[in-house]
Amino acid sequence: MKYIVSILMICSLFLTGCDYLDMVPENDIETIETIFEKREQAEEWFKSCHSYLIKEIASVVMNPAYAGTDEIVTGQYVRQTYPLSNVYCWDGLFIGDGLQMSQSPYGDIWQTSQFYTAIRYCNVFFEQIEKVYNMKQEEKDLWVAELKALKAHYYFELMRRYGPIVLIDKNVDANADVEEMQFVRRPIEECVDTIVSLCDQAMKVLPHWASKEISRQGYYSLEAAAALKAKTLFYAASPIFNGNPMYNDFKNRKGELLFPAAADKEKWRIAAEAVEEAIKICKDGGMDLVEGNKAYASNLRNTMLDIEYSVLGQDWKNQEAVFMIRPEYTSMNFWHNWTLPYFKSSDLDDYNADCMGCVSPSIKMVEMYYTENGLPINADKTWNYDKRYQLSQETNGKYKDVVMMVGEEYNFRNPYVSGTNNTKGILALHLRREPRFYAHIAADRCYWMRGKNMAVTAYQGEKFGTQSTSITTLPQNLTGYWIKKGSYSNVSTKEYTTVDNREEAFIETRLAELYLMKAEAWNEYLTAPDKEHVYNPLNEVRRRAGIPDVEVAWADFSNSPEKVTNQAGMREIIRQEWNIEFAFEGRRFWNLRRWLIAAEELNSSLLGWNILGKDADSFYNNYAGPVVVWSQRKFVAPRDYLFPLESEEVMISGCVQNPGW
């Protein structure tokens with residue numbers, strides 16, 4: 001890439017990428033100088049600096065982290081219908097299938113999506129903003145701070161995909177010689193220092209989020225910048241960037257080592273302290289975890305409502321959202337077109353032609369969630385792990401209207417099997433699970449509030465089940481589960497495309513993430529976990545989730561109580577907490593890479609139930625366990641831990657390619 005800033009280039013990029021030049025008068029040509037004469041035009045430039053973040057990060061179909069792991073399952077319909085189209089990319093599916101390539105990389109933000117173009121826009125703004133005559137200095141300083149944090153964010157996204165990146169402090173003159181235009185990739189520690197420095201500069205000016213004007217709530221605040229700084233240092237301390245033996249001899253074109261030769265434990269302390277600073281800033285600004293809903297008489301259902309609203313940002317209202325981005329699509333139904341169930345057109349009260357229900361949770365994620373005691377299903381001595389694939393029944397009244405109770409199941413019959421009662425009970429795997437399980441996943445013979453409380457009946461021919469007698473290339477739920485997370489329980493399926501289009505902000509960072517970062521960082525730094533640094537932040541998240549504190553759960557209910565007392569045991573516990581709390585939010589994709597365990601996790605087939613089964617016996621594979629529903633999975637180490645640079649880009653720029661590519 002030649003990092004050139006010229007009037008012609010910027011104009012052409014704006015013409016193809018956003019609406020900035022729509023305001024240019026006929027027969028007139030804007031230059032940098034004229035654009036930065038007036039506040040109104042400078043503001044359009046400012047907004048355009050955010051366009052790439054909105055498109056590539058604040059979109060579950062464009063951001064590969066949402067579909068690139070083993071969390072969700074979808075079939076050929078999405079892969080064949082929407083490969084690299086203008087809107088529906090689903091690049092993560094192809095990455096997860098092992099189809100990443102250097103010729104035309106999936107999820108490319110280095111060249112194709114031009115994050116460096118966005119960085120150039122930011123640099124131009126820094127150079128020119130002082131020339132605007134009708135702005136107060138205080139406002140100029142605020143905009144500069146917001147864009148410094150934004151530039152840091154672009155760097156961060158590049159760094160966690162590619163590792164060592166090119167740093168562009170200022171734009172190169174268009175008349176510079178070729179050598180000046182060919183930048184080299186900088187060592188990872190220098191990249192981290194640059195991002196942290198930009199955040200520090202921004203934090204000196206940025207106000208708390210609650211103090212920002214409504215029109216600026218989609219831009220960086222003090223809390224968001226502090227969180228980005230903490231996240232950057234957190235990544236710097238993690239195994240992928242801290243003493244990673246796979247990259248010991250990785251050098252740039254000048255022969256400089258791009259990764260530290262040995263792990264530095266102190267980086268965990270530095271990260272932990274930055275996280276603590278970010279948490280304090282968030283709390284000082286009035287942020288807290290979403291909890292305290294009292295809509296129902298049931299404590300369980302109220303906890304589920306807390307969990308539901310923790311990830312929703314309608315009209316920018318969420319007290320734990322540290323950073324929200326204004327989305328490219330404002331309608332609240334877009335992601336839900338893929339996850340909400342398909343109902344027959346004869347179901348007039350619930351039918352919605354836009355809802356395909358073809359993106360579903362894997363069995364791996366179903367089994368990831370804890371028991372009601374806050375423990376993994378294979379670690380709870382009160383929960384029968386060996387019989388999880390057998391049918392059972394629920395008798396405890398606390399689960400009323402969440403799980404079908406004894407007797408209730410007999411109200412549901414499969415209309416396609418005359419005279420046969422197909423509901424002998426409920427799969428034990430669905431019983432006595434934690435509130436997040438019931439809030440995030442719709443399972444057979446459980447309930448799903450969709451404007452009204454609906455029983456999930458998943459056998460072939462039933463209301464939620466497939467209406468086909470075969471596995472097809474049309475939209476089809478392949479696992480027999482649905483994703484509740486991210487949808488509103490008070491909106492019916494039918495209303496999702498007719499309800500008013502109040503703006504649904506994309507939540508990029510939540511306070512819960514900072515709590516888990518704190519617990520992980522201190523656990524890695526300390527020789528043994530303690531209450532103040534490790535247990536307490538973890539318990540903040542667990543209490544909102546309606547499960548016992550981690551020490552209590554493991555001491556009272558587990559078959560291995562010693563696990564919670566040592567660093568290695570707590571490492572596993574914290575990682576599972578990440579997987580549950582941030583399921584289907586694009587964190588597992590990055591965490592598996594950050595922990596250097598992706599090769600262990602992402603080479604297995606994805607499992608579900610036999611969705612063509614017309615009764616419990618056939619649907620649940622005669623209780624022998626899940627079946628393979630998608631087998632094309634591949635992760636190659638060390639190659640796939642970092643994204644490839646486009647091969648042509650390597651030839652043009654002279655940047656070294658990532659290992660394995």
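Predicted, not measured: the structure shown is a model, and the values here were computed from it.
Screening residues 550-562 for salt bridge (charged side-chain N to carboxylate O under 4.0 Å, His left out) gives K531-E551 as the qualifying pairs, with residues at least two apart or on separate chains.
A cation-pi arrangement, defined by a distance under 6.0 Å to the six-membered ring centre and an angle within 45 degrees of its axis, is present between R301 and Y296.
Counting heavy atoms from C-beta on, the side chains of T371 and F557 never come closer than 4.5 Å.
Under the rule for a side-chain contact (heavy atoms from CB on, under 4.5 Å), the partners of N396 that lie at least two apart in sequence or sit in another chain are E394, K398, Y399, R432. Residues meeting the side-chain contact (heavy atoms from CB on, under 4.5 Å) test with P626, sequence neighbours left out: I363, Y389, L607, W609.
Between F582 and W578, the ring planes are tilted. Angles from 30° to 60° get that label. Taking the six-membered ring where tryptophan is involved, the planes of Y525 and W522 are perpendicular, since the angle between them exceeds 60° and thus also 30°.
Exactly one residue among R433, H440, R436 makes a side-chain hydrogen bond (donor to acceptor under 3.5 Å, both in side chains) with Y369. That residue is H440. Of the residues listed (R542, R587, R588), the one engaging E577 in a salt bridge (charged side-chain N to carboxylate O under 4.0 Å, His left out) is R542, and it is the only one. Across R450, K452, K494, K344, a single residue satisfies salt bridge (charged side-chain N to carboxylate O under 4.0 Å, His left out) together with D350, and that is K452.
Between Y488 and E504, the side chains place a donor N or O and an acceptor N or O closer than 3.5 Å (distance only, hydrogens not considered). Using a 3.5 Å distance cut-off with no hydrogens or angles, the side chains of Q476 and Y342 do not pair a donor with an acceptor. Checked by atom type, the side-chain pair T382/N373 shows a donor-acceptor distance below 3.5 Å. For the 3.5 Å distance criterion, the side chains of S558 and K563 fail to qualify, holding no donor opposite an acceptor.
Taking the six-membered ring for Trp and the full ring otherwise, Y459 and F464 have centroids separated by 6.0 Å or more.
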